[in-house]
Amino acid sequence: MTKLDCTVTNCLHNADNCCCKQAIIVDGHSAHDCSETCCGSFDENKEGAFKNVFKTPESRLEIDCEAVNCIYNEGRHCQAEHINVSGDGASRSEHTQCATFKER
Ligand code: SF4
Ligand code: SF4
């Protein structure tokens, strides 16, 4: 399980810069750089519509990851102790990225 901080505050699943999902998918099969990865579990919170919905940030979660060129990827699963997902202001998953990606 990986600790995750996420600055994508307009994602439906974000609360207090953490993710409220128990598992996410990171995309970026042919990524050679952070900017070529993205959080495939991103859902836009249009106009803050769900702002008041009770959400519980998960301190650690399972991360399935397609970015096989990353040193932390083992069998399409993230083995990093801690990752950062960024993309403040994102309206599509392509606008987000795993900032911890490191090429093998
Ligand atoms: S962008 Fe991804 S990691 Fe961040 S809160 Fe949304 S689903 Fe979770
Ligand atoms: S650190 Fe690497 S393996 Fe982990 S989610 Fe980010 S890109 Fe995928």
Side-chain angles (χ1 to χ4, degrees):
M1 302 275 268
T2 297
K3 185 170 177 348
L4 184 149
D5 289 312
C6 177
T7 60
V8 188
T9 51
N10 60 325
C11 175
L12 201 57
H13 309 296
N14 193 293
D16 302 331
N17 288 322
C18 291
C19 186
C20 297
K21 287 179 80 80
Q22 291 178 346
I24 63 161
I25 296 169
V26 171
D27 292 329
H29 184 65
S30 51
H32 292 286
D33 186 80
C34 299
S35 64
E36 294 172 312
T37 66
C38 70
C39 177
S41 301
F42 170 86
D43 284 309
E44 186 182 10
N45 187 4
K46 290 203 178 73
E47 295 165 9
F50 294 93
K51 211 173 188 171
N52 297 320
V53 171
F54 180 74
K55 293 188 286 193
T56 310
E58 296 287 336
S59 54
R60 291 187 175 269
L61 39 94
E62 296 287 344
I63 303 172
D64 286 331
C65 180
E66 292 293 316
V68 289
N69 295 330
C70 176
I71 58 167
Y72 300 112
N73 195 308
E74 279 179 35
R76 295 178 193 261
H77 196 80
C78 181
Q79 300 293 349
E81 183 61 24
H82 184 184
I83 74 162
N84 290 290
V85 174
S86 62
D88 198 18
S91 55
R92 293 206 318 259
S93 65
E94 290 80 4
H95 299 153
T96 68
Q97 63 179 37
C98 174
T100 307
F101 175 92
K102 202 170 173 189
E103 192 168 15
R104 286 182 197 277

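One-based numbering, in listed order, for ligands and for the atoms of each.
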Quick check: closest heavy atoms across [X] and [Y], and the distance to 0.1 Å?
X: A90; Y: V8; answer: CB-CG1, 4.1 Å
X: C34; Y: T37; answer: O-OG1, 2.6 Å
X: V85; Y: L4; answer: CG2-CD1, 4.0 Å

Review point. Under a single-linkage definition using a 4.5 Å side-chain heavy-atom cutoff for Ile, Leu, Val, Met, Phe, Trp and Tyr, are F101 and I24 assigned to the same hydrophobic cluster?
Key: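 In one cluster with F101: I24, no.
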
Which residue holds the protein heavy atom closest to [atom], what is that atom called, and what is the gap in Å?
atom: atom 6 (Fe) of ligand 1; value: C11 SG, 2.3 Å
atom: atom 7 (S) of ligand 1; value: S41 O, 3.5 Å
atom: atom 2 (Fe) of ligand 2; value: C70 SG, 2.3 Å
atom: atom 8 (Fe) of ligand 2; value: C65 SG, 2.3 Å
atom: atom 4 (Fe) of ligand 2; value: C78 SG, 2.3 Å

Exercise for review: Could you list which atoms of ligand 2 come closer than 4.0 Å to a heavy atom of C98?
Suggested key: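 In order of numbering, the contacting atoms are 1 (S), 5 (S), 6 (Fe), 7 (S).
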
Review point. In ligand 2, which numbered atoms sit nearer than 4.0 Å to a non-hydrogen atom of N73?
Key: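 Reading through ligand 2 atom by atom, the close ones are 3 (S).
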
Check your understanding: Do E66 and R76 have side chains that get closer than 4.5 Å, going by heavy atoms?
Key -> yes

Point to revise | Close side-chain approach of T56 and C20, heavy atoms under 4.5 Å | key: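 The answer is no, as the side chains (C-beta and beyond) never meet within the 4.5 Å cut-off.
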
Practice item. Might you work through the salt bridge (Lys or Arg N to Asp or Glu O under 4.0 Å) test for E81 and R60, ending with a clear yes or no? Key: CA-CA 9 Å; E81 183 61 24; R60 291 187 175 269; 3.2 Å; yes

Exercise for review: State the atoms of ligand 1, each with its element, that fall below the 4.0 Å cut-off from a heavy-atom position in N14.
Suggested key: 5 (S)

Check your understanding: Hey, which atoms in ligand 1 end up nearer than 4.0 Å to a heavy atom of C6?
Key ->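 The list of qualifying atoms is 1 (S), 3 (S), 4 (Fe), 5 (S).
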
